[in-house]
There are 2 protein chains.
Amino acid sequence: MAATIEPQLLTESTQDYLKAIYELTQAGGGAATSSIADRLSVSPASVTNMVQKLAERQPPLVTYRKHYGVELTNEGRLAALRTVRRHRLIEQFLTHVLGYSWDEVHQEAERLEHAISPLFEERLAILLGEPRFDPHGDPIPDANLTLPDSCALPLYRAAPGQVVRVCRVRNDNPALLRYLDELGLRPGLRVRVISSQPVDYTLQVELVDYDKQVVLGQALGEAVMVEAI
Amino acid sequence: MAATIEPQLLTESTQDYLKAIYELTQAGGGAATSSIADRLSVSPASVTNMVQKLAERQPPLVTYRKHYGVELTNEGRLAALRTVRRHRLIEQFLTHVLGYSWDEVHQEAERLEHAISPLFEERLAILLGEPRFDPHGDPIPDANLTLPDSCALPLYRAAPGQVVRVCRVRNDNPALLRYLDELGLRPGLRVRVISSQPVDYTLQVELVDYDKQVVLGQALGEAVMVEAI
DNA sequence: GCTATAATTTAGTCTAGACTAAATTATAAG
DNA sequence: CTTATAATTTAGTCTAGACTAAATTATAGC
Ligand SMILES: [Mn+2]
Ligand SMILES: [Mn+2]
Ligand SMILES: [Mn+2]
Ligand SMILES: [Mn+2]
């Protein structure tokens with residue numbers, strides 16, 4: 001069992017780097033210097049610099065081979081999951097208690113995730129009823145940092161004719177989220193795939209609950225994750 | 001009307017310096033370099049350095065004359081009040097929504113006050129019902145940064161025989177707050193002064209609501225603020 | 001008016017985390 | 001196998017905000 005590092009021992013920057021590496025790794029693409037730089041809006045040189053420090057820490061938070069990218073150690077992964085937990089709990093709080101819309105929460109949580117204490121995290125989880133998913137359907141690691149299962153099928157890969165349920169929206173872009181919200185494409189809703197174009201990734205779907213048809217482009221078809229009903 | 005500076009344009013450090021200067025000035029003693037240093041747990045040299053920057057900003061946030069201490073400009077005062085408002089709203093939230101005790105809130109609010117957005121501040125105030133006082137009885141500036149009146153009489157100056165109501169506790173020390181809490185000396189409660197020693201500042205008082213007598217030393221007699229009933 | 005003392009300021013460093021520009025490396029294409 | 005290109009790393013700076021040690025200043029007491 002790796003000793004878990006308390007968040008207050010990590011700077012805000014360090015927490016954001018670890019989280020970015022974790023999320024890039026989850027997304028499958030691997031955590032290249034440039035992708036970390038893009039995600040955090042810093043220069044590639046800054047990433048190299050930070051990544052070298054993370055690798056030289058005791059205990060090391062990443063393993064790093066020059067020019068071949070970076071991976072989280074177990075300590076690094078736990079630290080990242082801790083920040084992910086806080087981020088998503090805060091998003092849930094913002095929507096359910098403070099009445100934020102789901103496109104407003106990310107920015108706010110991005111700062112607050114670094115400012116809360118372990119006590120705050122614990123009390124917040126209790127207040128919210130130990131939620132397993134955030135407003136975007138993103139899974140919230142529990143207090144032991146175990147992630148609940150979450151759906152893995154992007155809408156654009158669902159078979160035509162199939163009726164599925166939206167369970168997650170993997171995109172932070174506020175404009176995209178507002179648009180999905182207008183359409184009514186939120187976690188929990190049912191969708192029937194009418195047609196699916198493999199070439200240009202456009203979709204025609206029916207929102208079963210609203211008896212409404214909409215056309216979705218590539219960005220939306222990739223962002224909306226679904227599960228079979 | 002001075003333009004008010006949005007908090008996100010001020011660093012965490014800057015906000016804390018302005019707040020410290022504001023609170024020292026309120027307490028009456030004047031904001032000397034060394035008292036700011038004490039309050040923020042930094043060296044006097046660091047204070048001089050920061051104070052010079054605050055004076056040279058456009059607009060200036062303080063006026064500064066070497067060796068004679070520092071005063072807030074109107075812009076500086078408004079920025080300080082904004083941070084005070086956030087701090088006290090957060091303390092109220094922590095006690096009333098997350099179940100913190102009043103000795104735990106200060107530390108947490110000291111970080112969160114810098115991390116919330118104007119929207120969070122506004123929604124929080126609505127959620128809490130636009131409270132005018134925080135858990136310690138400290139007045140909360142309203143959205144226009146106007147402070148409600150708060151009581152000004154320290155318990156040690158109340159006349160023997162007088163029955164008064166506790167309205168505020170001016171002290172951040174967790175041990176002192178826990179002790180007052182045990183005694184039952186919280187805002188709202190009635191106290192009758194039995195005796196008051198001007199020399200060693202000890203007090204003997206009766207907690208009218210609990211029909212209990214206690215003896216208070218100088219620190220407590222100065223911290224507990226009361227109003228005539 | 002002088003001087004001892006305490007408070008304050010100056011001068012010089014340090015660290016974290018960013019940046020740009022230049023150098024290096026991996027690799028795809030010929 | 002060579003080379004062009006893109007990605008990455010290195011080298012050198014910068015800023016904010018802290019520090020210590022040394023110098024300076026205000027002022028209280030003689
Ligand atoms: Mn963040
Ligand atoms: Mn989310
Ligand atoms: Mn603070
Ligand atoms: Mn308070």
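Chain naming here is simple, since letters A, B, ... match the order of the sequence lines and numbering starts at 1 in each. Model, not experiment: these values are computed from the prediction.
Using a 4.0 Å heavy-atom distance criterion, A:Ala45 is classed as a base contact.
Separating the CZ atom of A:Arg57 from the P atom of C:dT15 is a distance of 16 Å, rounded to the nearest angstrom. One can place CD of A:Gln52 at 14 Å from P of C:dA16, the figure rounded to the nearest angstrom. Going from atom CZ of A:Arg65 over to atom C1' of C:dT25 covers 13 Å, rounded to whole Å. Computed from coordinates, the B:Ile36 CD1 to C:dT8 P distance equals 9 Å when rounded to whole Å. Spacing between atom CG of B:Leu10 and atom C1' of D:dA16 amounts to 14 Å, rounded to whole angstrom units. Rounded to an integer number of Å, the gap from A:Tyr64 OH to C:dT25 C1' is 11 Å. Look at CE on B:Met50: it is 12 Å from P on D:dC19, rounded to the nearest Å. Rounded to whole Å, atom P of D:dA16 lies 12 Å from atom CG of B:Leu54.
Between A:Phe120 and B:Phe93, the ring planes are tilted. Angles from 30° to 60° get that label. Ring planes of B:Tyr201 and B:Tyr156: perpendicular class, angle over 60° (limits at 30 and 60°).
For B:Tyr17 and B:Tyr64, the ring centers sit 6.0 Å or farther from each other.
Residue B:Ser13 places none of its side-chain N or O atoms closer than 4.0 Å to OP1 or OP2 of D:dA16. Note on A:Ser46: every side-chain N or O is 4.0 Å or more away from OP1 and OP2 of C:dG17. Of the side-chain N and O atoms in A:Tyr68, none sit less than 4.0 angstrom from OP1 or OP2 of D:dT8. Side-chain N/O atoms of A:Thr11 include one lying less than 4.0 angstrom from OP1 or OP2 on C:dG17. Residue A:Ser34 has no polar side-chain atom (N or O) positioned under 4.0 Å from OP1 or OP2 of D:dA7. Of the side-chain N and O atoms in A:Lys66, one or more sit less than 4.0 angstrom from OP1 or OP2 of D:dT10. For B:Thr33, no side-chain nitrogen or oxygen approaches OP1 or OP2 of C:dA7 to under 4.0 Å.
Nucleotide D:dA28 forms a pair with C:dT3, judged by Watson-Crick or G-U wobble geometry with both contacts under 3.5 Å. Under the Watson-Crick or G-U wobble criterion, with both distances below 3.5 Å, C:dA22 is paired with D:dT9.
The residue among A:Tyr17 and A:His67 whose nearest nucleotide of DNA chain C is located toward the 5' end is A:Tyr17.
A 4.5 Å side-chain heavy-atom check between B:Thr83 and B:Leu18 finds every atom pair outside the cut-off.
Within 6.0 Å of CZ on A:Arg132 lie no more than 12 heavy atoms contributed by other residues, nucleotides or ligands. Under a cut-off of 6.0 angstrom, the local environment of CD in A:Glu23 is crowded, with over 12 non-hydrogen atoms contributed by other residues, nucleotides or ligands.
Among C:dT8, D:dA18, C:dT20, the nucleotide with an atom closest to any side-chain atom of B:Asn49 is D:dA18. Out of C:dG17, C:dT9, D:dT9, the shortest distance to the side chain of A:Pro44 is found at D:dT9.
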